[in-house]
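Worksheet for the structure shown next.
Chain naming here is simple, since letters A, B, ... match the order of the sequence lines and numbering starts at 1 in each.
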Amino acid sequence: MLDKRYDPKKVEEGKYETWKSNGYFTAGDNTKPSFSMVIPPPNVTGKLHLGHVMDTIPDDIIARYKKMKGFDVLWIPGMDHAGIATQAKVEAKLREQGVSRYDLGREGFLKEAWKWKDEYAKTIHAQWAKIGLSVDYTRERFTLDEGLNAAVKHVFVTLYNEGLIYQGERIIHWDPELRTALSNIEVVHKDVPGQFYYFKYDIEGEDDALIVATTRPETMWGDTAVFVNPKDPRYQKYIGKRVKNPCNGEWLPLMGDSYVDMSFGTGAMKCTPAHDPNDFALAKKYGFPLIRVMDETAHLLPIAGEFAGMDRYEAREKLVEKIKAEGHLDHIETFVHSVGFSERSNTVVEPMLSKQWFVKMKPLADKVLEMQQGEGKVEFKPKRFENVLIRWMKNVEDWCISRQLWWGHRIPAYYNKKTGEILVSETEPNMEEYDQDEDVLDTWFSSALWPFATMGWPKSTPDFDRYFPTSTLVTGYDIIFFWVSRMVFQSEHFTGKAPFKKVLIHGLMRDEQGRKMSKSLGNGIDPLDVIDRYGVDALRYFITTSSTPGLDMRYSDEKLQSSANYLNKIWNATRYVESVLGEDFVPGKLEKKDLGTLERYILTRLEKTIKKVTTKMDAYEFGAASTALYDFVYDDFCSYYLEMSKVSLSDPSKEAPVKQTLYFVAKSLILMIFPYCPFIGEELYLSLPGHKDSAMLESYPTYDKNLVFAHDEVAGKTLEAMIKDVRSYKSASKMAPNAPITICISPKAPFKGIEDYLKRFLFAKEVKIEKEAPKGETFLYKSVSMVLSLDQSVEEIRAGLMKEKERLTFELARGEKMLSNPNFVAKAPKEKLDIEKAKFADNQAKLREVLTRLDSLN
RNA sequence: GGGUGUUUAGCUCAGUGGGAGAGCGCUUCCUUCACACGGAAGAGGUCACUGGUUCGAAACCAGUAACACCCACCA
């Protein structure tokens, strides 16, 4: 017997270990159709947060559902080495011990990083177990394992040989704290208040000075020219003269170029080719030298003279002071401008000239765009996110893939020690003759290969043949650019196929006030805390059911509580069923002929629910699926059938079919909730008689039209309505709920034996079934009426009937309006027309009944 | 500058061409043997606004407003 209360902690204990050790998570049954997914690999940077939970719980629900639907489900788990993020964490840890990565050297540092990885992998495993992920551990991978490394090398070398990877000197985003290059999308732009410095540049041979505005005084040593728009009447006359750089007194050419926006600042712009991408482009055009001013830590180089060695901000401040002292500062304006921050270190990135490796994106992106036009396209849910991908692919820039880090896949490029000649190769050359490139690859370079490299690619393996492409990917909209887009183009290029057929995009979890969760706000929520308070099943239920795909959701204690309450409801309903079934119950077949009206009613409702839930599950609409089940559980089962069954069971002749029905319904709903809430689902399933070893071995309930009884459904609904009407009536008339009444049903009861139910639930002294009902408070249903005898005066009865007449008249007017509209009759679908016609006829009959009764009062 | 999303009950959100829904909160009543983490009965809404399409619009289209997000630019 189950306990009186659902205790999540007790229920969760031990189940995961049992599933895992029994091999329920392991794929490989070739007799079944395959269904495959890969986990979005969490970073080995720390504990799981709600973001991972949001990625993986829908995955798990899909995996468990598909398994119960008869698929051979492969769900590959794994983790991401997360290059920059992890290296930053390991460095921070070392720093606490007073050690820098340079003290340890490459080898020593990597040893530390692997230790870190092993430690956090343990934590992540424990958390996967905690939230119940049914992943296939026999196939677990890591983005930095040998197989992935081989795949990465193969991809790099192939793209290089195809001319799609190249080395180039360009302006890139530089993180001066982590001392590495970044790709465009690793830079987060934020609007911040800043200063706009207006400096006076003396003009050669003129008394006049040119005012040039800049936000970056500290780069002025790298200036090679000053530009104005050639159409600018203010400055036209000076073009071709020289102006004096107030930072070091050097003469710079004043040039005209239409790039300059006359309305911005003073309309005069300094050109710093090595520290600004636009200036770099101008420098290329005019053949200016590229003068670097800062080193890799954003400290000034010797070119800055007395300022050399200063940090960029200190230098800015000191330089402005100096220029001001020399009388060349015009004024300073404060304004808000957009500044790029490193996604990982949150320091201001420095646009810097640097030699890096790039992926030539245009040809790869074009192929993706072409693929999305055809049959093999990736289908997004919600659809609109496909446009996010397409727009990005259309405007994509070359991808800077080299990182000046140690933790990652080292670039398979080798330089001949003598000749300097480059060799790009999957196999290592004689290292006495060669030096390997020091850099590693962007972490997303390996993540991009995840769906196929985890299956053994580039080797042709049985797993790859059977499970690739994967069926579905679940991820957040915030990493479409980072991950989804890159998987798509790499997969298209190397396998000729999209890596997954569908992508289910979810939103982000926000805090209860609707704010983004962030470290700086300290409003992050630890999933383990939530699990501790409400249980993991409530968390799983909340996360997948109280949001719409693609939209952000708010964390809500209230909703977690109500999820837990729902599970408690199912728990107690099951408990009731078991108490009814008793020890010696044996599950049997439901025999149509034995089933009473109410059994047929609840089975009909159940089958309709199964149909709806299945449709919604297949469409990955978990909110809608769960609502359908929820309504069934509360309204049809617990509030109605379960209560009615108490009456039925007092009749020994009904006992057997009622028990079979209760068992069948309870088992079905437990199996339907199971993919969402596997812990309580398993506990309840195992507490039922005649169970298998696990709910994981069961099939998902399937719609059975032999258990749909339209007529009995109507009869059951009529009884339900009768009870509700009388209760409402009593409440509205200030009668006690248990006030005794007499009920008369005419001309014919909706089903045999209805008296017992009415007596029990309405406190009726007597229920009469007669051709002609007496005068009294009247309720009308389809082909039957119910009259309460309440010792009412004629006036009261008349008032009740008048109210009903008024209502019916209104209804008839509505129907009349519709049905007499020739356009409606001609254009509305036939079903709708039939419904309205039937309703109209029904209301007419009811009105006649009311009028007859009113007549008889006189 | 370009794009996307949101706007529905006091709050948080579902719904999506055919009579406005849920959870929580609120009112009244109920410890009756599955559950007080409960039950019963209620109150509460010009579905942001303006036009249009349609027999019929909360839903489709166009526009407006507010809020949020993404991308690009910013000397």
>> Please classify the nucleic acid contact of A/Val577 as base, sugar-phosphate, or nothing, using heavy-atom distances under 4.0 Å.
In response: nothing

> Looking across every strand, which nucleic acid part, if any, lies under 4.0 Å from A/Ser639 by heavy atom: base, sugar-phosphate, or nothing?
Replying inline: sugar-phosphate

> Rounded to whole angstrom units, what separation is found between the CG atom of A/Asn565 and the C1' atom of B/G23?
Replying inline: 10 Å

> For atom P, what is the distance between B/G5 and B/G51, given to the nearest Å?
Replying inline: 24 Å

> Looking for any heavy atom pair under 4.0 Å, which part of the strands does A/Ser562 touch: base, sugar-phosphate only, or nothing?
Replying inline: sugar-phosphate

> Is any side-chain nitrogen or oxygen of A/Thr548 closer than 4.0 Å to OP1 or OP2 of B/A14?
Replying inline: yes

>> Categorize A/Ser563 for me: base, sugar-phosphate, or nothing, with a 4.0 angstrom heavy-atom threshold over every strand shown.
In response: nothing

> Can A/Glu643 and A/Lys646 be counted as an ion pair, charged N to O under 4.0 angstrom?
Replying inline: yes

> What integer number of Å spans the P atoms of B/G2 and B/U12?
Replying inline: 31 Å

> Rounded to the nearest 0.5 Å, how far does OG1 of A/Thr266 lie from NZ of A/Lys200?
Replying inline: 13.5 Å

> Considering every strand shown, what is the Watson-Crick or G-U wobble mate of B/C60 when both distances are under 3.5 Å?
Replying inline: B/G52

>> In whole Å, measure the gap between the C1' atoms of B/G25 and B/A9 for me.
In response: 11 Å

> Mind checking the C1' distance from B/A36 to B/C69? Whole angstroms is fine.
Replying inline: 43 Å

>> Say we look at B/C26 and B/G10: how far apart would their C1' atoms be, to the nearest angstrom?
In response: 9 Å

What's touching nucleotides 18-22 of chain B from the protein side, N or O pairs under 3.5 Å?
| unit_1 | atom_1 | unit_2 | atom_2 | d |
| --- | --- | --- | --- | --- |
| B/G18 | O2' | A/Lys832 | NZ | 2.1 |
| B/G19 | N7 | A/Lys839 | NZ | 2.9 |
| B/G19 | O6 | A/Glu811 | OE1 | 2.6 |
| B/G19 | N1 | A/Glu811 | OE1 | 2.3 |
| B/G19 | N1 | A/Glu811 | OE2 | 3.2 |
| B/G19 | N2 | A/Glu811 | OE2 | 3.4 |
| B/G19 | N3 | A/Arg814 | NE | 3.3 |

> Taking atom P of B/C69 as reference, at what distance in whole Å does atom CG of A/Asp478 sit?
Replying inline: 14 Å

> Just to confirm, is there a sub-4.0 Å distance from OP1 or OP2 of B/C70 to any side-chain nitrogen or oxygen of A/Lys516?
Replying inline: yes

>> Whether A/Lys717 and A/Glu720 form a salt bridge (side-chain N of Lys/Arg under 4.0 Å from carboxylate O of Asp/Glu) is what I want to check.
In response: no

> What is the pairing partner of B/U12, taking Watson-Crick or G-U wobble pairs with both distances under 3.5 Å in any strand?
Replying inline: B/A22

> Is any NZ, NE, NH1 or NH2 atom of the basic residue among A/Arg760 and A/Asp756 found under 4.0 Å from an Asp or Glu carboxylate oxygen of the other?
Replying inline: no

> Given atom CE of A/Met509 and atom C1' of B/A68, what is their separation to the nearest angstrom?
Replying inline: 18 Å

> What does B/A40 pair with, Watson-Crick or G-U, if both distances are under 3.5 Å?
Replying inline: B/U28

> Taking the inter-plane angle between the rings of A/Phe196 and A/Phe335 on a 0 to 90° scale, is it parallel (under 30°), tilted (30 to 60°) or perpendicular (over 60°)?
Replying inline: parallel

> Reckon A/Cys271 touches a base, only the sugar-phosphate, or nothing at all at heavy-atom distances under 4.0 Å?
Replying inline: nothing

> When rounded to the nearest 0.5 angstrom, what is the spacing between NZ in A/Lys782 and CG in A/Asp842?
Replying inline: 5.0 Å

> Do A/Ile680 and A/Tyr6 have side chains that get closer than 4.5 Å, going by heavy atoms?
Replying inline: yes

> A/Ile479 has an atom CD1; how far is it from atom P of B/C70, in whole Å?
Replying inline: 15 Å

> Using a cut-off of 4.0 Å on non-hydrogen atoms, how would the nucleic acid contact of A/Asn821 be classed: base, sugar-phosphate, or nothing?
Replying inline: sugar-phosphate

> Nearest of B/A75, B/C29, B/G39 to any side-chain atom of A/Tyr634?
Replying inline: B/G39

> Between A/Glu643 (CD) and B/C33 (C1'), how many Å, whole number?
Replying inline: 11 Å

>> Using OP1 and OP2 only, check whether a side-chain N or O of A/Arg391 sits under 4.0 Å from B/G2.
In response: no

> Between B/A75 atom P and A/Tyr201 atom OH, what is the distance in whole Å?
Replying inline: 14 Å

Between the protein and nucleotides 41-45 of chain B, which nitrogen or oxygen pairs come in under 3.5 angstrom?
| unit_1 | atom_1 | unit_2 | atom_2 | d |
| --- | --- | --- | --- | --- |
| B/A41 | O3' | A/Ser728 | OG | 2.6 |
| B/A41 | O2' | A/Ser731 | OG | 2.7 |
| B/G42 | OP1 | A/Ser728 | OG | 2.3 |

>> If I take atom CZ in residue A/Phe482 and atom P in nucleotide B/C70, what distance separates them, rounded to the nearest angstrom?
In response: 11 Å

> Expressed as a whole number of Å, how far does the P atom of B/C67 sit from that of B/A58?
Replying inline: 26 Å

>> Using the C1' atom as the point on both nucleotides, what is the distance between B/A59 and B/G15, in whole Å?
In response: 9 Å

>> Need the pair for B/C47. Rule: Watson-Crick or G-U wobble, both distances under 3.5 Å, any strand; none if unpaired.
In response: none

> Stepwise, does the side-chain hydrogen bond (donor to acceptor under 3.5 Å, both in side chains) test hold for A/Tyr198 with A/Glu333?
Replying inline: CA-CA 8 Å; A/Tyr198 289 75; A/Glu333 250 174 46; 3.2 Å; yes

>> Looking at A/Lys734, I'd like to know whether one of its side-chain N or O atoms comes within less than 4.0 Å of OP1 or OP2 on B/U28.
In response: no

> With a 4.0 Å cut-off, would you call A/Lys516 and A/Asp552 a salt bridge?
Replying inline: no

>> Assuming nearest nucleotide by heavy-atom distance, tell me which of A/Ile185 and A/Met269 is located more 5' along RNA chain B.
In response: A/Ile185

>> Which label fits A/Tyr566 and A/Tyr634: parallel for a plane angle under 30°, tilted from 30 to 60°, or perpendicular past 60°?
In response: parallel

> Mind checking who B/G1 pairs with, Watson-Crick or G-U wobble, both distances under 3.5 Å?
Replying inline: B/C71

>> Counting only Watson-Crick pairs (N1-N3 plus N6-O4 or O6-N4) and G-U wobbles (N1-O2, O6-N3), all under 3.5 Å, who is the partner of B/U7?
In response: B/A65

> How far does CD1 of A/Ile185 sit from NE2 of A/His173, to the nearest 0.5 angstrom?
Replying inline: 10.5 Å

> Between A/Glu218 and A/Arg216, does at least one N-O distance fall below 4.0 Å, as a salt bridge requires?
Replying inline: yes

>> Please report the distance, rounded to the nearest Å, between CG in A/Leu551 and P in B/U8.
In response: 14 Å

> When the P atoms of B/A62 and B/U53 are considered, how many whole Å apart are they?
Replying inline: 15 Å

